[in-house]
There are 2 protein chains.
Amino acid sequence: MGRGKIEIKRIENSSNRQVTYSKRRNGIIKKAKEITVLCDTKVSLVVFGSSGKMHEFCSPSTTLIEMLDNYQRSTGKKLWDAKHENLNNEIDQIKKENDNMQIKLRHLKGQDITSLNHKELMVLEEALENGLVNIRD
Amino acid sequence: MGRGKIEIKRIENSSNRQVTYSKRRNGIIKKAKEITVLCDTKVSLVVFGSSGKMHEFCSPSTTLIEMLDNYQRSTGKKLWDAKHENLNNEIDQIKKENDNMQIKLRHLKGQDITSLNHKELMVLEEALENGLVNIRD
DNA sequence: TTATCTATTTATAACAG
DNA sequence: TCTGTTATAAATAGATA
C-alpha cells in the first residue's frame, strides 16, 4: 500500500519503524472502529509499542472488563489468576460452614430431624435441656 | 476498498453484514500480525461477533494476561482488582452471616445469654421447649 | 520530530457460483 | 450460507517539508 512493497519482518531503521508504527496503529484502530459499527460487533484492542507506551480501543457498547468476562466464558481460560481462585475457594468453604450451621440450627429447633438416629437425637435432647436450664437460671 | 464506497454505519442486510464481518475480521487480524512483526510491538485483539462467537489475536511474544497486567500498570485502571474487591465483599458478608448464626447457636445452647433481655430469653425458652417436644415425638 | 503528499499496494464491496 | 473473483476504495511506504 505504499510506494514500494515491504516484507513483513521487523523494520530495522528505527525512525522508519516508529513512523510505520504510528501510521499502522492509527490504521488498525480505525479498522476496529469501523468493524464495530458496520457489523455490530465488540472489539477490544490493546497495543504496546516497543517504547512501552500503550494505546487502546474498545467498542463503545462495552468495556474491557466485560469483554474479558466474555472471553473467559467463551474460552474457559482463566485470566484472574490463582488469587481469584483462592478467594472463590474461600467463599465455597465459608458457604459450606454456613450450611452446616443452618442445619444445626434447624435441628435445635426440632426441624429436619427425621434423618437423625437415636443417639444423635439423645445428644440433641441433652443440649436442649442444658440450654433450658441455663436460660431458666 | 471495494466495488463501491460504503458509509460507516451498521449494515442492515444481515448476510452482507456477516460476510463483511468475516472479511474485515480477517483483515484486522492480519494487520495486527503485521504491526507486531514490523514494529516489534505487542498487540491483543479480542472480537465478539453479534452471534457471540469470539475471535482473538495476541502477539506471540506475550500473553493476554501479561498484556492486561501491563494495561493495569499503564492506566492505573483496575481490571481484576475490582473483581477481587467484589469477592472480598462477598466473603465479608457471608462471614457476618456466619457470626450471627454462631451466636444463635450458642444462645440455643444456653451460652452467652447474659446480654439478652427478658423477652429474648422467653422467646429462646419457647424455641427450646418446642424443639424438645418435636424431638421426644 | 511530526505532518503532508502520492505512487503503489492492499483490503474489500459487490457480484458470481 | 460459504468460497472465489474483480473493480474500486482505502491504507500506507517512501519522499518531502
Side-chain angles (χ1 to χ4, degrees), chain A residues 1-62 64 67 70-71 73-76, chain B residues 1-62 64 67 70-71 73-76:
Chain A
M1 300 171 274
R3 289 297 182 89
K5 182 171 177 167
I6 57 163
E7 263 187 284
I8 302 303
K9 65 173 190 183
R10 184 188 144 96
I11 297 169
E12 292 304 332
N13 180 304
S14 90
S15 79
N16 282 355
R17 191 169 64 244
Q18 171 56 37
V19 170
T20 293
Y21 172 57
S22 165
K23 287 179 174 181
R24 281 178 173 257
R25 178 167 38 73
N26 288 333
I28 203 171
I29 288 175
K30 186 176 175 198
K31 291 288 188 188
K33 283 179 185 166
E34 289 181 351
I35 201 175
T36 293
V37 173
L38 289 171
C39 307
D40 198 20
T41 60
K42 296 179 179 189
V43 180
S44 152
L45 177 70
V46 180
V47 187
F48 282 94
S50 46
S51 73
K53 196 174 170 193
M54 196 207 65
H55 292 264
E56 72 167 316
F57 169 77
C58 188
S59 301
S61 57
T62 187
L64 182 53
M67 291 286 291
N70 287 332
Y71 178 94
R73 215 164 296 139
S74 285
T75 62
Chain B
M1 297 172 275
R3 289 295 182 85
K5 182 171 177 166
I6 58 162
E7 262 187 283
I8 302 304
K9 64 174 190 183
R10 184 187 144 97
I11 297 168
E12 292 304 335
N13 179 305
S14 89
S15 77
N16 283 355
R17 189 169 64 243
Q18 172 57 37
V19 170
T20 293
Y21 172 58
S22 165
K23 289 180 174 180
R24 280 179 173 256
R25 177 164 41 69
N26 288 334
I28 203 171
I29 288 176
K30 187 176 175 197
K31 292 287 190 190
K33 284 179 184 167
E34 289 180 350
I35 200 174
T36 292
V37 174
L38 290 171
C39 307
D40 198 21
T41 60
K42 297 179 179 187
V43 179
S44 152
L45 176 69
V46 180
V47 187
F48 282 94
S50 46
S51 73
K53 198 173 169 194
M54 195 206 65
H55 293 264
E56 71 166 317
F57 170 76
C58 188
S59 301
S61 57
T62 187
L64 181 53
M67 292 284 292
N70 287 333
Y71 179 94
R73 213 164 299 138
S74 285
T75 61

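The model shown is predicted, which means the values in this text are computed figures rather than measured ones.
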Tell me the closest heavy-atom pair linking [X] and [Y], and the distance in Å.
| X | Y | value |
| --- | --- | --- |
| B/S61 | B/K42 | OG-CE, 3.7 Å |
| A/R10 | A/R17 | NH2-NH1, 3.1 Å |
| B/S50 | A/D40 | CB-O, 3.5 Å |
| A/I8 | B/L38 | CA-CD2, 4.0 Å |

(request) Determine whether A/F57 and A/K33 make a side-chain contact, defined as any pair of heavy atoms from C-beta on separated by less than 4.5 Å. (result) yes
Length of the [atom1]-[atom2] vector between [X] and [N], whole Å:
| X | N | atom1 | atom2 | value |
| --- | --- | --- | --- | --- |
| B/R24 | D/dA9 | CZ | C1' | 10 Å |
| B/E34 | D/dA10 | CD | P | 19 Å |
| A/I35 | D/dA10 | CD1 | P | 16 Å |
| B/E7 | C/dA14 | CD | C1' | 17 Å |
| A/I6 | C/dT9 | CD1 | P | 12 Å |
| B/I8 | D/dA9 | CD1 | C1' | 11 Å |
| B/K5 | C/dA11 | NZ | C1' | 16 Å |
| B/L38 | C/dT10 | CG | P | 11 Å |

Sugar-phosphate, base or nothing in reach of [X], heavy atoms under 4.0 Å:
| X | value |
| --- | --- |
| A/S22 | nothing |
| B/Q18 | nothing |
| A/K23 | base |

(message) For the backbone of B/I35 and the side chain of B/T41, can you confirm whether one donor and one acceptor N or O come within less than 3.5 Å of each other?
(response) yes
(message) Please check this pair: side chain of B/S59 against backbone of B/S44, looking for a donor-acceptor N/O pair closer than 3.5 Å.
(response) no
(message) If the cut-off is 4.0 Å, is B/K30 near the phosphate of C/dA11, judged by side-chain N/O to OP1 or OP2?
(response) yes
(request) Grab the stems for DNA chain C, please: at least three consecutive Watson-Crick or wobble pairs, both distances below 3.5 Å, written as range with range. (result) C:2-17 with D:2-17
(request) Please figure out whether B/S15 or B/R3 has its closest DNA chain D nucleotide nearer the 5' end. (result) B/S15
(message) For B/R25 and B/V19, find the nucleotide of DNA chain C closest to each by heavy atoms; which residue's nucleotide sits nearer the 5' end?
(response) B/R25
